[in-house]
Every structure is written in structure tokens, then in C-alpha cells.
Amino acid sequence: MATFQHPLSALTADEILLCSKLIRANFESPQSLRFKGISLQEPSKEDVSLFELSGVVPARRAWINYYIAGTRFFYESIANLGERGVESNVMVPAGLHGPTDDNEILQVEKLTLADPGVQEEIKKLELPPSAVVVCDPWIWGADAADEDERKYQCYMYMRAARNSGHLDSNHYAHPLSFSPVFDTVTMRVTRIEHVPTGGDFETKPTGPARITEPNEYIPELNDLRIDLKPLVITQPQGASFIHEGDVLKWQKWSFRLTFNYREGMVLHQVSYDGRPLFYRISLSDMSVPYGDPRPPVHKKQAFDLGDTGAGIMANNLKLGCDCLGAIAYVDGLIADEEGRPLKKQNAVCIHEQDAGLLWKHTNYRTQRAALVRKRELVVQSIITVSNYEYILAFIFDQAGELAYEVRATGILSTQPIDPGVSVPWGTVVHDGVLAAYHQHILSLRIDPEMDGEHRNSLVYEETAPMPLSPETNPHGNGYVSRRQVVKTSGGYDLNSKQNRVYMIESSSKVNPVNGQKTAYKIHVPAFQPLLAQDDSFHYKRADFADHSIYVTRFRENELFAGGQYTNQNKQTTGVRKWSARKDSVQDEDIVVWVQFGLQHVPRCEDFPVMPAEIIKVALKPVNFFTRNPAVDVPPSSQESNQSTLIRARRMQAELSHARVGAEAVMSWTRF
């Protein structure tokens with residue numbers, strides 16, 4: 001087998017093949033298997049530390065998820081790759097299901113469209129001969145019905161007749177009202193449901209379709225602007241980062257970058273200037289609950305990582321499009337449904353970008369300005385989950401800040417609505433097209449090792465006015481800050497009136513300037529917690545979506561805020577359950593889960609494709625350094641940046657325009 005580079009390195013192609021071989025050999029008779037995930041079973045922190053201190057290589061293990069094809073039998077296994085054996089192989093409890101995969105989605109589309117019952121529904125539409133019907137399989141979700149088989153709810157659309165020859169024509173502008181239900185055990189349509197198109201819960205049988213105008217997003221079907229000039233980003237001397245194997249180094253930063261089928265990008269051993277900060281950081285989970293209360297769309301609640309996977313859905317990124325400048329690409333390696341290695345080409349792009357000024361001061365006495373421009377390192381992946389795109393990026397700056405940025409774009413998930421009808425849970429964005437209100441709630445998992453210590457604390461700082469006092473606050477303007485240590489695991493919230501800010505604090509390292517413990521603060525934007533009722537399945541499934549911050553004591557294999565299995569799960573199995581243990585988390589090995597997101601009340605401007613909505617979590621040093629760590633960044637200069645002056649041309653154009661205007665006034669006066 002090809003050797004791995006480090007105990008935390010992702011599985012190699014040979015290791016993935018060995019995993020599927022070991023699982024198949026575990027059965028006495030040949031079985032048709034469908035693999036749902038093969039990834040590294042990460043060694044313990046103690047084993048990693050021992051390896052780095054003394055070179056002792058820990059056992060190399062893999063975590064494997066698979067079905068016996070054509071059955072409901074679903075397994076979770078651990079394989080020991082060094083010993084070439086399966087250490088455990090247990091059946092996953094009923095009611096918990098694996099994620100989708102690329103080929104399964106395509107199979108479901110094909111089989112659904114070929115189903116005789118679906119073909120009968122299509123005939124009832126009386127569509128123009130050139131119209132093309134499209135199927136969007138959606139993860140089933142959950143409701144009170146006792147349906148434990150793994151299913152898809154298929155939402156149906158059509159491509160406009162006049163543009164049907166364009167495979168990328170926007171079918172979301174033409175939603176249809178019938179919705180097949182597809183069983184993944186039998187691989188067939190089991191029934192056909194209908195989506196309400198009026199203002200109430202009533203559904204109607206399929207009838208002749210009302211043909212509406214297209215609403216396209218692809219450039220060849222739009223009139224494009226002609227006044228946009230090229231913007232070229234060049235780095236004549238190349239990029240400033242070094243990428244060797246899993247390790248990236250840039251501007252005092254060092255970290256290990258790996259990739260797996262579920263989380264996509266994972267960072268390990270993040271340090272700045274040789275001082276460890278975070279043992280592991282990744283996007284842990286995402287829930288997208290919809291607010292239309294009517295069946296069957298009431299079940300719509302996507303878990304884009306747990307139900308599908310950021311690695312599975314990663315785009316092949318392109319030069320000059322997804323990333324600009326001097327670019328390095330990293331391929332991802334996952335397993336396909338047959339247990340074979342599948343390369344996700346250019347799954348991650350790495351580049352630098354200018355982000356304005358980092359710091360500046362002008363001495364007004366001498367008029368000398370000292371300034372530094374802010375350079376950032378961007379480590380980015382883009383995923384497509386059916387209709388939506390998420391641009392996911394770790395962003396590092398030169399002052400010790402690490403941010404996680406999400407840009408949500410793509411196309412709204414739509415459903416049909418009758419002319420003249422409006423509903424209080426959605427927006428009509430096009431003729432006959434309803435976009436239901438929904439939330440995007442994400443969870444960033446942070447496993448800190450602040451200043452080299454695995455035992456850390458979560459604290460929050462608040463600012464409050466001092467009481468009016470002749471002795472201590474005679475003018476009433478004084479205010480103070482106070483810190484409070486979070487002592488037990490649980491969910492916690494922001495408080496803007498108190499300017500509450502959460503920080504991860506080392507247990508014993510102190511800043512020599514002021515004696516305060518070294519820390520990093522969490523800048524997280526406020527978000528509206530999950531709006532579904534507490535006894536709803538939406539609430540029970542989205543364990544993390546009710547608080548901005550969760551903190552738990554570290555336990556092995558607690559990686560995903562919504563639990564290991566989100567698909568059709570009906571219960572709390574993730575961070576809400578783990579935090580309820582009420583473990584002590586002061587000066588302990590803790591995990592901090594940071595929730596952030598968007599409340600999406602769609603608007604017409606979000607259609608036919610949505611301008612990116614940007615949200616960002618930032619981790620910033622607090623008394624970690626003795627002074628601004630970016631003071632040593634070289635100053636910005638025209639010699640290095642080579643900007644171009646266009647003022648003279650603009651002034652000439654303005655003077656010419658003014659002259660024409662003056663001549664026109666003089667002519668009018670003479671008349």
C-alpha cells in the first residue's frame with residue numbers, strides 16, 4: 001500500500017480499496033454492498049502526541065458505513081488497516097439511515113421519470129412536445145408517520161419549451177404539483193403525492209399545466225453587460241505560502257489540511273508563530289429547515305453534511321472563475337458507492353487575496369503615514385447540494401485572526417402556486433413560483449489547544465455601566481468589563497445589550513504585559529434560533545440550532561453537531577444530548593460548537609439565481625500576544641503594488657462633458 005504521511009492524513013487510494021475488500025471478505029457468501037462512507041478513524045490525541053514526540057506510529061484504522069444492497073440492513077464498521085482485519089461490524093439501529101451519494105441520486109431521477117405512474121401524471125400535464133420534465137430527489141426528512149424505510153421525496157419541474165435544448169435551462173422557474181415517493185430498498189416509486197398550490201392545505205389532481213415565461217440564469221440566455229473591463233490579479237514572484245503534503249505554511253501560520261466525504265475540509269494542528277491554537281476545526285453540520293406547514297413539503301429539512309456530504313458534493317474548481325490569482329489546488333479523495341477510491345479533482349483551492357488596509361496611522365504633525373495592507377490566505381471549497389451552492393472558506397490574516405466564511409448562493413428550492421395567491425410562509429418570486437421561507441443554520445466545531453494546552457475554558461466577557469457614585473463614578477460615564485467562566489457543558493447565547501463575547505482561554509498561560517490568560521475570542525454574528533416548535537421533528541433533529549454556542553467536554557467520535565446519522569432521524573442524538581451530561585468544562589479538554597446562519601425570507605432578487613449572502617465567524621487573539629503581531633508586516637508601497645493612476649483620464653472626460661454642457665447652455669441662451 002501507498003504509505004500515509006502522518007497519523008492524521010486522510011486515507012490513501014490503496015487504503016480505501018483495502019477497506020472495501022475487508023468488508024466484503026467479512027461475509028460468508030458474496031453480498032452486493034453499497035458503501036455510504038469510508039474515512040479515517042482518527043487516532044487519539046495521546047497517540048498523535050506520542051508519534052510526534054517519539055515516532056511511535058499508532059494503529060491505522062478506518063470507519064466504514066455500508067448497506068447490503070436491496071435491504072434495510074445498514075452497518076458501521078471499524079477496520080484495522082495494519083492488521084488487515086475488521087475490528088467491529090455492528091448493525092445501525094432501525095430508524096437511522098445513511099446519506100445519499102452521487103450515483104444514487106442519478107438512479108432515483110432516472111427510475112422516477114421512467115415509472116409508469118409518473119408517466120401518467122406527465123401525460124395529464126399536456127405539455128408542449130419540446131418541454132422536458134425534471135426530477136429533483138430530496139432527502140425524505142421526518143414526520144409523525146411511521147415510515148422507517150429510507151426514502152426520497154421527489155419534486156418535479158420542467159424546462160421551458162423554448163429553452164428545453166439547454167440542459168442548464170432553469171427548471172426551478174416551472175415547478176409541477178405532483179411529487180413521487182421513492183423507496184431506496186426496492187428502488188421504485190411507491191406512491192405519488194401532490195403539493196398544495198393554493199393558500200391552504202388542499203391539493204388537486206394533476207391537470208393541464210399553465211405555461212409561463214422562462215426565467216433563466218445562464219449567460220447565453222441573457223443579455224449581458226458590455227461595459228465591464230478585465231480585472232487581472234497577478235503575483236509576479238509567485239504566492240507566499242508553502243504547501244508540502246498535508247501541511248500549509250503562510251505568514252507564521254502552520255496547519256494540516258485534510259479532506260473527507262462528510263466534512264470536506266478539515267484543519268488540524270493550527271498554530272501561529274509556533275504557538276498551538278486549535279487541534280481540529282471543521283464545519284460540523286448544517287440544517288436547512290423550511291417553514292411551509294403543508295404536507296408533503298412540511299418535511300423539508302436538509303442536513304447538507306449529514307444527509308449528503310461536503311466532500312461528496314465538492315465542485316471541481318476552475319482557474320479564473322472560482323479563485324483568482326496564483327492558485328494551488330488540492331484534490332479530495334473519497335470512496336464511491338462501490339468502495340472504490342474517487343478523486344474529487346480540484347476540491348480545494350488555496351490562494352492569497354488583498355483585503356484592504358490591515359492598519360494605518362498618520363502623524364498629523366509630520367504628515368507621515370505608516371500603513372500595511374491586509375493580505376489573507378484563503379483555503380476554499382465549494383459544494384453544490386441540489387439547488388444550493390455554499391462557498392466555504394477558512395481565511396487567515398497576518399494579525400493572528402482565523403475566520404470561517406460561508407457564502408450561500410445557487411437557486412431557491414421552489415414549488416408551484418396558483419395565480420393571484422399569496423401565503424404567509426413564502427414569497428412569490430416568479431409567475432407560478434413560490435419560494436418558502438427557510439433557515440440556514442451551520443455549526444462550526446472547534447477543538448482548541450490554546451497556547452499548547454489541551455485543557456481550556458470557555459469564558460464570556462460583558463461590559464456594564466458603573467453605578468453612579470461620588471467616589472468612583474461621579475460623572476456617570478464609567479463602565480467596566482467582567483469575565484465569567486462557563487463551568488458546565490450546555491448551550492449558551494449572545495447578549496448584544498451586554499456586549500457578550502465568548503472566548504477560549506488557556507488554563508495557565510498568561511500574558512506578561514497584563515497578567516491575563518492567553519485567549520482567542522469568538523466573533524459570531526447573531527442568528528435567529530430554529531423557529532420550529534420544541535416538540536417538532538425539525539427541532540429534535542437539529543440538535544445545535546437553538547443556541548449560538550455549545551460547549552462539551554471532549555469525547556472520542558463526537559464530531560457532528562446533529563449526531564452521526566441525520567437522514568430521517570427523529571430524535572436528539574447530537575450536541576444537545578451531549579451537553580445535557582452537564583460535565584465540568586472548566587480547565588478541561590473541551591469542544592466549542594459555534595452556530596451561525598441566515599434567516600432566508602426570499603425576495604424577487606434571489607431569483608433566478610441568488611446573489612451570495614455572506615456570513616462569517618472570526619477567531620481573534622485576546623491578550624495572546626504582547627503587541628500587534630502584524631507590526632512586522634512590510635509596509636505597502638506603489639513600488640510593490642504597481643497601481644495605475646486613471647485620474648487624468650477621468651478629469652479630461654469630466655472637463656469634456658462640462659464643456660459640452662456649457663456650450664449647450666450658451667446655445668439655449670442665444671436662442
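By convention here, the first residue in the shown sequence is residue 1. What you see is a predicted model; the values in this text were computed from it and never measured. Every heavy atom of this structure was used, including side-chain atoms; hydrogens, water molecules and symmetry mates were not.
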### Query
Would you call Asp285 and Phe303 a side-chain contact if the rule is heavy atoms closer than 4.5 Å?
yes
### Query
Would a distance-only check, ignoring hydrogens and angles, find a side-chain to backbone donor-acceptor pair under 3.5 Å from Gln568 to Lys151?
yes
### Message
Strictly distance-based, threshold 3.5 Å: is any side-chain N or O of Arg541 a donor or acceptor partner for the main-chain N or O of Thr566?
### Response
yes
## Note on the structure
When rounded to the nearest 0.5 Å, the distance separating CD of Gln564 from CD of Glu558 is 11.0 Å
### Message
Any non-hydrogen side-chain atom of Gln533 less than 4.5 Å from a side-chain atom of Tyr539?
### Response
no
### Residue Leu228 excluded, over 12 heavy atoms near CG under 6.0 Å
no
#### Entry: Main-chain N/O of Lys497 paired with Asn495 side-chain donor or acceptor, under 3.5 Å
yes
### Query
Quick one: which of Phe35, Tyr67, Tyr66 gives a ring pair (Phe, Tyr, Trp, His ring centres under 6.0 Å) with Phe74?
Tyr67
### Message
Can you confirm whether more than 12 heavy atoms, excluding those of Glu220, are under 6.0 Å from its CD atom?
### Response
yes
### Query
Under a 4.0 Å N-O cut-off, is there an ion pair linking Arg210 with Asp418?
no
### Query
Lys318 versus Asn346: any side-chain heavy-atom pair under 4.5 Å?
no
### Task
Fit a plane to each ring of Phe396 and Phe394, take the angle between them on a 0 to 90° scale, and name the class: parallel (under 30°), tilted (30 to 60°) or perpendicular (over 60°).
tilted
### Message
Both conditions, 6.0 Å and 45 degrees, for the charged tip of Arg262 above the ring of Phe560: are they met here?
### Response
yes
### Query
So how far is it from Gln353 CD to Glu376 CD, rounded to the nearest 0.5 Å?
5.0 Å
### Task
Assess Arg445 against Phe544: is NZ or CZ under 6.0 Å from the centre of the six-membered ring, and within 45 degrees of the ring's axis?
no
### Query
Under 4.0 Å between a Lys/Arg side-chain N and an Asp/Glu carboxylate O for Arg225 and Asp227?
no
### Query
Please, which pairs that meet salt bridge (Lys or Arg N to Asp or Glu O under 4.0 Å) have at least one residue in residues 153-179, sequence neighbours excluded?
Arg162-Glu213
### Message
For Val429 and Asn215: C-alpha separation, side-chain torsions, deciding distance, then whether side-chain contact (heavy atoms from CB on, under 4.5 Å) applies.
### Response
CA-CA 10 Å; Val429 294; Asn215 197 340; over 6 Å; no
### Query
So, the side chain of Tyr502 versus the backbone of Asp493: is there a donor-acceptor pair under 3.5 Å, distance only?
yes
### Task
Starting from the C-alpha separation in whole Å, work towards a yes-or-no answer on side-chain contact (heavy atoms from CB on, under 4.5 Å) for Met156 and Leu113.
CA-CA 9 Å; Met156 309 300 290; Leu113 289 169; 3.7 Å; yes
### Message
Tell me every residue that passes disulfide (SG to SG under 2.5 Å) with Cys349, counting only those two or more places apart in sequence or in another chain.
### Response
Cys323
### Task
Could you tell me whether the side chains of Lys204 and Ser177 share a donor-acceptor contact shorter than 3.5 Å?
no
### Query
Between the side chain of Ser443 and the main-chain N/O of Gln595, is any donor-acceptor distance below 3.5 Å?
no
### Task
Could you tell me whether a side-chain N or O of Thr427 sits under 3.5 Å from a main-chain N or O of Pro602, the two making a donor and an acceptor?
yes
### Message
Are Gln415 and Val297 packed together at the side-chain level, in the sense that at least one heavy-atom pair is separated by less than 4.5 angstrom?
### Response
yes
### Task
Verify, without hydrogens or angle tests, whether Ser164 (side chain) and Ser130 (backbone) share a donor-acceptor contact under 3.5 angstrom.
yes
### Closest contact, heavy atoms only, Ala542 versus Ser287
CB-OG, 3.8 Å
### Query
How about Tyr172 and Asn387: does a side-chain donor come under 3.5 Å of a side-chain acceptor?
no
### Task
Of all the heavy-atom pairs spanning Val609 and Gly410, show the shortest one and how long it is.
CG2-O, 3.3 Å
### Query
Side chains of Val592 and Ile549: closer than 4.5 Å at any heavy-atom pair?
yes
### Message
Under 3.5 Å, is there a donor on one side chain and an acceptor on the other for Tyr157 and Asp136?
### Response
no
### Task
State, to 0.1 Å, how close Ala532 and Ser536 come at their nearest heavy-atom pair, and which atoms those are.
CB-OG, 3.3 Å
### Task
Might you point out which heavy atoms bring Leu317 and Ala347 nearest each other, and give the distance in Å?
CD1-O, 4.0 Å
#### Entry: Check against side-chain contact (heavy atoms from CB on, under 4.5 Å), Val524 and Leu444
CA-CA 11 Å; Val524 55; Leu444 186 70; over 6 Å; no
Name each donor-acceptor pair under 3.5 Å that joins a side chain in residues 180-188 to protein atoms two or more places apart or in another chain, with its distance.
from	atom 1	to	atom 2	distance (Å)
Asp183	OD1	Val185	N	2.7
Asp183	OD1	Thr186	N	3.2
Thr184	OG1	Arg150	O	2.8

#### Entry: Over 12 foreign heavy atoms within 6.0 Å of CZ, Arg294
yes
### Query
Once you round to the nearest 0.5 Å, how far does CG of Asp354 lie from CD1 of Ile233?
9.0 Å
### Task
Please say whether the positively charged group of Lys300, taken as NZ for Lys or CZ for Arg, lies over the ring of Tyr155, i.e. under 6.0 angstrom from the six-membered ring centre and within 45 degrees of the axis.
yes
### Task
Take the angle between the ring planes of Tyr290 and Trp138 and call it parallel below 30°, perpendicular above 60°, tilted in between.
perpendicular
### Query
So, the side chain of Ser179 versus the backbone of Cys154: is there a donor-acceptor pair under 3.5 Å, distance only?
yes
### side-chain contact (heavy atoms from CB on, under 4.5 Å) between Gln571 and Lys540, intermediate numbers included
CA-CA 5 Å; Gln571 55 193 320; Lys540 292 175 183 176; 5.6 Å; no
#### Entry: Interatomic distance, Glu149 atom CD to His97 atom NE2 [nearest 0.5 angstrom]
7.0 Å
### Message
What I'd like to find out is whether the side chain of Phe259 reaches to under 4.5 Å of the side chain of Asp331, using heavy atoms alone.
### Response
no
### Query
Under 3.5 Å, side chain of Asn567 to main-chain N/O of Asp307, donor-acceptor pair present?
no
### Query
What pair of heavy atoms forms the shortest contact from Ala142 to Lys299, and how long is it?
O-CG, 3.9 Å
### Query
At their closest point, which heavy atom of Asp143 faces which heavy atom of Phe537, and how far apart are they?
C-CE1, 3.1 Å
### Message
Do Glu216 and Ser169 pair up side chain to side chain, a donor and an acceptor below 3.5 Å, judged on atom types alone?
### Response
yes
#### Entry: Between Asn65 and Tyr565, a side-chain donor and acceptor under 3.5 Å
yes
### Message
Looking only at the side chains, is there a donor atom on one of Asn315 and Thr384 sitting less than 3.5 Å from an acceptor on the other?
### Response
yes
### Query
Hey, are the side chains of Leu619 and Val594 touching, using non-hydrogen atoms and a 4.5 Å cut-off?
no
### Query
Could you give the distance from CD (Gln107) to CD (Glu109), rounded to the nearest 0.5 Å?
11.0 Å
#### Entry: Separation of Gln528 CD from Ile441 CD1 (nearest 0.5 Å)
8.5 Å
### Query
Is Lys124 atom NZ crowded by more than 12 heavy atoms from other residues, nucleotides or ligands, each under 6.0 Å away?
yes
### Task
With the side chain counted from C-beta on, respond yes when Leu530 and Pro289 share a heavy-atom pair under 4.5 Å apart, and no when they do not.
yes
### Query
Judged by atom type as modelled, is there a donor-acceptor pair below 3.5 Å linking the side chain of Gln380 to the main-chain atoms of Asp322?
yes
### Query
So Tyr390 and His440, would you call those rings parallel, tilted or perpendicular, with 30° and 60° as cut-offs?
perpendicular
### Message
Taking the basic N atoms (NZ, or NE/NH1/NH2) and the acidic carboxylate oxygens, is any pair closer than 4.0 Å for Asp397 and Lys374?
### Response
yes
